[in-house]
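The structure appears right after this line, and notes come after that.
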Amino acid sequence: MSAKRLQQQVEALSRSARHFNKSEVECLIKLFDTLVTMSSDRFGAVGFDRNMFRDTLHRTFGMTDDMVMDRVFRTFDRDNDSCISVEEWVEGLSVFLRGTLEERIKYCFEVYDLNGDGYISREEMFQMLKNSLLKQPSEEDPDEGIKDLVDIALKKMDYDHDGKLSFADFEKAVKDDNLLLEAFGPCLPDIKGSLAFEKKTFKGNRKL
């Protein structure tokens with residue numbers, strides 16, 4: 001990429017990804033280019049495909065849940081073209097790493113709303129929880145335990161008692177108790193993962 005093109009990208013993305021300063025944006029663009037160059041798949045020139053993105057989430061932030069990683073991919077991939085562009089990467093990371101509580105509530109809600117209908121249904125909660133909880137070998141039917149968890153979540157978060165969570169329900173519940181932000185599975189990096197990523201990425205041009 002030419003220096004001029006890089007500067008133009010840095011300028012534009014510093015405005016839209018407002019949690020990063022210009023030198024951080026530049027480091028993220030360079031990291032993106034490095035990762036894309038390392039990959040030899042068909043999206044190589046354009047951006048990350050799903051597998052590359054999942055590899056990065058797994059390697060960098062220790063994410064292991066396929067379903068959650070897939071949802072994070074879809075949340076980053078704003079134009080739904082199955083490829084994450086440099087803009088989607090930087091703007092996505094801005095919320096992923098440093099988002100305000102409001103931004104993170106919106107992001108987590110989108111991850112959990114599996115069919116994109118604006119609600120987290122009982123079925124969606126069940127799917128997410130079943131996926132994120134470790135399968136414990138036990139005498140009981142594990143699905144029963146998950147159904148109980150879904151009931152508890154609804155009791156705590158479903159303010160209008162319609163049997164599903166609207167964005168307003170989710171937002172109110174999380175504002176009352178921040179621990180509910182990732183109630184249905186870990187879809188944000190933990191502090192340790194974020195700090196390690198930032199330290200490595202913003203220190204200069206050291207490769208991941």
Side-chain angles (χ1 to χ4, degrees), residues 1 9 13 16-17 19-20 24-25 27-99 103-117 120-121 123-135 146 181-203 205-208:
M1 186 192 297
Q9 268 192 343
L13 284 168
S16 58
H19 299 303
F20 295 128
E24 288 169 340
V25 167
C27 288
L28 288 169
I29 293 171
K30 286 178 175 167
L31 173 63
F32 179 86
D33 287 344
T34 304
L35 291 170
V36 167
T37 309
M38 278 160 48
S39 151
S40 56
D41 67 27
R42 63 199 178 89
F43 282 123
V46 194
F48 289 179
D49 71 356
R50 193 178 302 264
N51 289 335
M52 254 182 92
F53 186 70
R54 277 161 60 142
D55 282 352
T56 305
L57 285 179
H58 178 65
R59 265 206 329 271
T60 313
F61 300 108
M63 288 196 171
T64 52
D65 186 328
D66 283 340
M67 189 183 205
V68 168
M69 289 193 283
D70 188 57
R71 295 300 306 158
V72 173
F73 177 85
R74 284 165 187 260
T75 309
F76 269 65
D77 180 21
R78 287 275 161 218
D79 58 6
N80 290 321
D81 65 350
S82 298
C83 173
I84 290 177
S85 66
V86 69
E87 290 80 15
E88 288 168 337
W89 161 252
V90 177
E91 287 165 13
L93 284 175
S94 175
V95 173
F96 190 71
L97 293 169
R98 299 185 180 175
E103 287 171 330
R104 286 181 298 154
I105 289 172
K106 187 169 177 291
Y107 160 83
C108 289
F109 185 83
E110 281 182 29
V111 168
Y112 299 145
D113 177 12
L114 300 180
N115 65 358
D117 68 351
I120 306 172
S121 67
E123 290 72 34
E124 286 168 335
M125 289 178 214
F126 183 82
Q127 284 303 120
M128 298 296 292
L129 287 169
K130 185 171 182 172
N131 221 44
S132 68
L133 293 171
L134 293 169
K135 314 285 181 281
I146 294 164
L181 183 63
E182 294 183 89
F184 306 114
C187 57
L188 284 162
D190 60 22
I191 299 290
K192 203 166 133 224
S194 296
L195 290 175
F197 174 79
E198 292 199 12
K199 193 174 168 193
K200 196 179 258 182
T201 306
F202 300 145
K203 205 168 162 180
N205 296 326
R206 279 178 49 194
K207 287 187 182 177
L208 261 183

Open item on the list: Once side chain to side chain donor-acceptor pair (under 3.5 Å) is applied, do any residues pair with D65, and if so which ones, sequence neighbours excluded?
Closed with: N131
Open item on the list: For a 4.5 angstrom cut-off between non-hydrogen side-chain atoms, does E182 reach L188?
Closed with: yes
Task: Between OG1 on residue T75 and NZ on residue K106, distance to nearest 0.5 Å - done: 9.5 Å
- [ ] Output yes when a side-chain donor or acceptor of E103 lies under 3.5 Å from a complementary backbone atom of V95, and no otherwise.
- [x] no
TODO: Quick one: pull up CG in D49 and CG in D81 and give me the separation to the nearest 0.5 Å.
DONE: 11.0 Å
- [ ] Could you tell me which non-hydrogen atom of R54 sits nearest to which non-hydrogen atom of D70, and how far apart they are?
- [x] NH1-CB, 4.5 Å
- [ ] Please report the C-alpha distance between E110 and D113 in whole Å, then the side-chain angles of each, then the deciding distance to 0.1 Å, and finally whether the side-chain contact (heavy atoms from CB on, under 4.5 Å) criterion is met.
- [x] CA-CA 5 Å; E110 281 182 29; D113 177 12; 5.9 Å; no
Task: CD1 on I120 to CD on Q127, rounded to 0.5 Å - done: 13.5 Å
- [ ] Apply side chain to side chain contact (heavy atoms under 4.5 Å, CB included) to E123 and list each qualifying residue two or more places apart in sequence or on a separate chain.
- [x] S121
Open item on the list: Distance check, rounded to the nearest 0.5 Å: T60 atom OG1 versus L31 atom CG?
Closed with: 7.5 Å
Open item on the list: With a 3.5 Å distance limit and no angle check, can you tell me whether E24 reaches the backbone of F202 through a side-chain donor-acceptor pair?
Closed with: no
Open item on the list: E87: which residues meet the side chain to side chain contact (heavy atoms under 4.5 Å, CB included) condition with it, sequence neighbours left out?
Closed with: Q9, L13, S85, E91
Task: Any side-chain heavy-atom pair of C187 and Y112 under 4.5 Å - done: yes
TODO: Please name all residues satisfying ring-ring contact (aromatic ring centres under 6.0 Å, His included) with F96, sequence neighbours left out, ordered by chain then number.
DONE: F61, F76
Open item on the list: Can you confirm whether F48 sits close enough to D55 that some side-chain heavy atom of one is under 4.5 Å from a side-chain heavy atom of the other?
Closed with: no
Open item on the list: Suppose we screen for ring-ring contact (aromatic ring centres under 6.0 Å, His included). Which residues come up paired with Y107, at least two apart in sequence or across chains?
Closed with: none
Task: Worked verdict on V68 versus M128 for side-chain contact (heavy atoms from CB on, under 4.5 Å) - done: CA-CA 8 Å; V68 168; M128 298 296 292; 4.0 Å; yes
Open item on the list: So, using side chain to side chain donor-acceptor pair (under 3.5 Å) as the criterion, who are the partners of R71 when residues are at least two apart?
Closed with: none
Open item on the list: Are R50 and D77 packed together at the side-chain level, in the sense that at least one heavy-atom pair is separated by less than 4.5 angstrom?
Closed with: no
Open item on the list: So W89 and V36, do their side chains get closer than 4.5 Å, heavy atoms only?
Closed with: no
Task: Between OG1 on residue T37 and NZ on residue K30, distance to nearest 0.5 Å - done: 13.0 Å
TODO: Kindly give the heavy-atom pair with the smallest separation between R78 and E88, and that separation in Å.
DONE: N-OE2, 3.1 Å
Open item on the list: Any heavy-atom pair between the side chains of E124 and F184 that's under 4.5 Å?
Closed with: no
Open item on the list: Could you tell me if the side chain of F32 sits less than 4.5 Å from the side chain of V90, heavy atoms only?
Closed with: no
Open item on the list: Within this structure, what is the CG-CD1 distance for the pair L35 and I84, rounded to the nearest 0.5 Å?
Closed with: 11.5 Å
Open item on the list: If you compare all heavy atoms of S94 against all heavy atoms of H19, which two are closest, and at what distance to 0.1 Å?
Closed with: OG-CD2, 3.1 Å
